[in-house]
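Below is one structure, written out as structure tokens, with a few remarks after it.
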Amino acid sequence: MSHLDGYAPLLTGLPVARYVSVRQVVSQRGVAGGRILWWQGAVVALILVSQMGAPYVGAATMAAMTLWAWRNTRCALQAVTISVLVVFANPALVGDQPLVPLLKWALLFVSLGSILADWKYQPGIRARWSASFALFAVVALFLALAVSGNRSLSLLKLGTFIVGAAVALLGVRDRRYPPDYWLNWFTTVYMVVLVLSAPLQFLPAGRYLNGSNFQGILLQPQSYGVYVAPLTAYVTVALLVEPRKTWFLVAILPWAWYSLFASGCRTAVLAVGLSVVATIASMVVFPRNARSSSQRGTTILTICFVGLLTLAVLATSAGSLAGAIDQFIKKRANEEPGSSRRAQVESLLSTIDENFITGVGFGLSPVGVEQATQREELTGLPIGAYTEQGFLPLAVLAQVGVIGAVPLVLFIATLAFPVAKHGAPALVALFWTTLFVNFGEMIFFSTGGLGMYMWLLIACCLAGSRADLGRRKPCN
């Protein structure tokens, strides 16, 4: 009997499993690359394809997902996962989506209510991250009230960040659903995005934004790269180091890497590169002694084979690869590497220099950069105030200063340490890639967009590390 047999498939009302034993969770550790949930994947694909039907299909989908989210924690996290794809749908496929940006906030708050209503299924121990998270929230709140140039906007953004992060971190802790379920769920949705995006490689809609970089079914190439990179790294490492293979993922992984490169998203590639270094460092500092010698030998042989295959490709196609890589790095003709982010970095450094202690306020743009507020077309209600700041460390210092940066670093450390120490290699790679995308595309606080997806993956990694495995209690 598999560890998912007790779970109801998506969009059904069957009861869910009420007990997860420690032995059951241990026995399922390290399913390579995640298990594909075919029924749930088919439903997700149908939901996404239906968005092309009419202008208000997106709003109807968000309303239905909001109702679905109220049922229980599992439904809430499923709905939030799908909502990210609805919000970031390719405009060439879905056109304008009235009310969707507004309804995403309703869904987020309903999801939190649903998770809190299921509080009895939370573990009986306090999460290690909760104290530092609360401390950061209090400090950021104080700074928003004391120094923010736009107090209402800072409070609004801080509130949505707290709600979004809480939805992810608390939802995945629910004892009814083992961590491997969520790994399988996110792998399945990732697979759906790759499969639906593949035909767009041959259609203009696949490069709708600029005609050159691939964006698949998502809003823009940068969104596609940031979305695909973390789980591409996870599946790659899992297939390299785990003995069991999910052969459909083996088949689709080359397309994942090709489409990632075709997106021109240097942030995603940088995140994967930094993740490789951080994952290796985690394995060295916290060695895994539980792996058998036969598994270790198989892993070494697999890595050697991949290395030899890579060398063969480089030897036979060095010229064309060098040209492609050079074009990828420069992104545009006659563009110097890093030039597209130079103005952002300079404005952030200038803001930090002027407001090093307290920052300018949570969620606000750097000094001298216009803060534009987006409003929903039909209702006129504010739905967002996007600010592109790129590099996470500088953005944090600019917004909340060194006073806010200290508790935030402690919060991130309480998330990273258990994953680095206890997580399987693939899980560690997933965590670091997800975190490092913020070193080029700062989505850390953006729970109304791809930042929500990031927090779901981080929560999944934390639960998958099973640091509190021995202290789990059955659901009564």
Side-chain angles (χ1 to χ4, degrees), residues 29-34 77 81 84 127-130 132-133 164-165 167-173 178-187 189-190 225-242 256 260 267-288 392-393 408-447 450-469:
R29 183 164 186 161
V31 177
L77 294 189
T81 305
V84 173
R128 297 175 180 176
W129 49 264
S130 59
S132 55
F133 180 65
V167 165
L169 293 170
L170 293 177
V172 174
R173 275 170 58 87
D180 283 337
Y181 172 76
W182 293 116
L183 283 171
N184 297 333
W185 164 252
F186 291 120
T187 302
V189 177
Y190 159 80
V226 168
Y227 189 94
V228 168
L231 278 163
T232 300
Y234 166 72
V235 173
T236 301
V237 175
L239 294 178
L240 286 175
V241 304
E242 297 293 343
L260 181 62
T267 293
V269 176
L270 173 65
V272 173
L274 292 175
S275 174
V276 170
V277 177
T279 302
I280 293 174
S282 299
M283 297 299 105
V284 172
V285 175
F286 305 110
R288 271 61 172 171
L392 174 63
L408 183 62
V409 169
L410 292 175
F411 172 52
I412 295 175
T414 60
L415 301 175
F417 184 79
V419 178
K421 185 176 181 180
H422 301 286
L427 208 63
V428 177
L430 174 60
F431 176 86
W432 288 123
T433 307
T434 304
L435 184 63
F436 284 139
V437 296
N438 290 279
F439 281 38
E441 189 75 11
M442 222 289 277
I443 59 175
F444 194 86
F445 298 133
S446 304
T447 54
L450 287 176
M452 191 65 237
Y453 175 67
M454 181 207 76
W455 279 108
L456 289 168
L457 293 182
I458 286 179
C460 186
C461 292
L462 187 63
S465 68
R466 303 183 177 102
D468 62 340
L469 188 62

Determine whether Leu183 and Tyr234 satisfy the following criterion, side-chain contact (heavy atoms from CB on, under 4.5 Å), listing intermediate values before the conclusion. CA-CA 10 Å; Leu183 283 171; Tyr234 166 72; 3.8 Å; yes

What do the steps show when you test Val237 against Thr279 for side-chain contact (heavy atoms from CB on, under 4.5 Å), and what is the final call? CA-CA 10 Å; Val237 175; Thr279 302; 5.6 Å; no

Can you check side-chain contact (heavy atoms from CB on, under 4.5 Å) on Leu415 and Phe431, steps first, answer last? CA-CA 9 Å; Leu415 301 175; Phe431 176 86; 4.3 Å; yes

Hey, mind stepping through Tyr453 and Val189 against side-chain contact (heavy atoms from CB on, under 4.5 Å) and telling me if it holds? CA-CA 11 Å; Tyr453 175 67; Val189 177; over 6 Å; no

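Ring geometry for Phe133 against Trp129 counts as perpendicular: the plane angle is over 60°, on a 0 to 90° scale with 30° as the lower cut.
In this structure, the separation between OG on Ser132 and CZ on Phe411 is 6.0 Å, given to the nearest 0.5 Å. We find the CH2-OG1 distance between Trp455 and Thr447 to be 10.0 Å, quoted to the nearest 0.5 Å. For the atom pair Leu457 CG and Trp182 CH2, the distance stands at 12.0 Å (nearest 0.5 Å). Distance CG/Leu456 to SG/Cys461: 11.0 Å, rounded to 0.5 Å. Here the straight-line distance linking atom CG of Leu231 with atom OG1 of Thr236 works out to 10.0 Å at 0.5 Å rounding.
Looking at Phe444 and Ile412, their side chains come closer than 4.5 Å, going by heavy atoms from C-beta outward. Residues Thr267 and Phe439 form no side-chain contact, since every pair of their non-hydrogen atoms from C-beta on lies 4.5 Å or further apart. Contact of the Val172 side chain with the Leu462 side chain is not registered, since no non-hydrogen atoms from C-beta on lie closer than 4.5 Å. Two residues are said to be in side-chain contact when any heavy atoms from C-beta on lie closer than 4.5 Å; Thr414 and Leu410 fail this criterion.
Listed for the Thr434 side chain is no donor-acceptor partner under 3.5 Å among the backbone atoms of Met454. No donor-acceptor distance shorter than 3.5 angstrom exists from the side chain of Asn438 to the backbone of Leu392, with no hydrogens or angles considered.
Ala420 and Phe286 make their closest contact through O-CD1, 3.5 Å (heavy atoms, listed as atom of the first residue, atom of the second, distance). In plain terms, the two heavy atoms of Pro179 and Ala463 that are nearest each other are CG-O, 3.3 Å. Shown here for Met452 and Gly164, the closest heavy-atom pair between the two residues is CE-O, 3.1 Å. Closest non-hydrogen pair, Pro418 versus Ala413, comes out as CD-O, 4.2 Å. Looking at every heavy atom in both residues, Ala233 comes nearest to Thr433 through CB-OG1, 3.5 Å. Summarising the geometry of Ala268 relative to Gly225, their closest heavy-atom pair is CB-O, 3.4 Å, with the distance given to 0.1 Å.
Checked against Leu274 for a side chain to side chain contact (heavy atoms under 4.5 Å, CB included), the options Val277, Leu270, Val276, Val272 give a single hit: Leu270.
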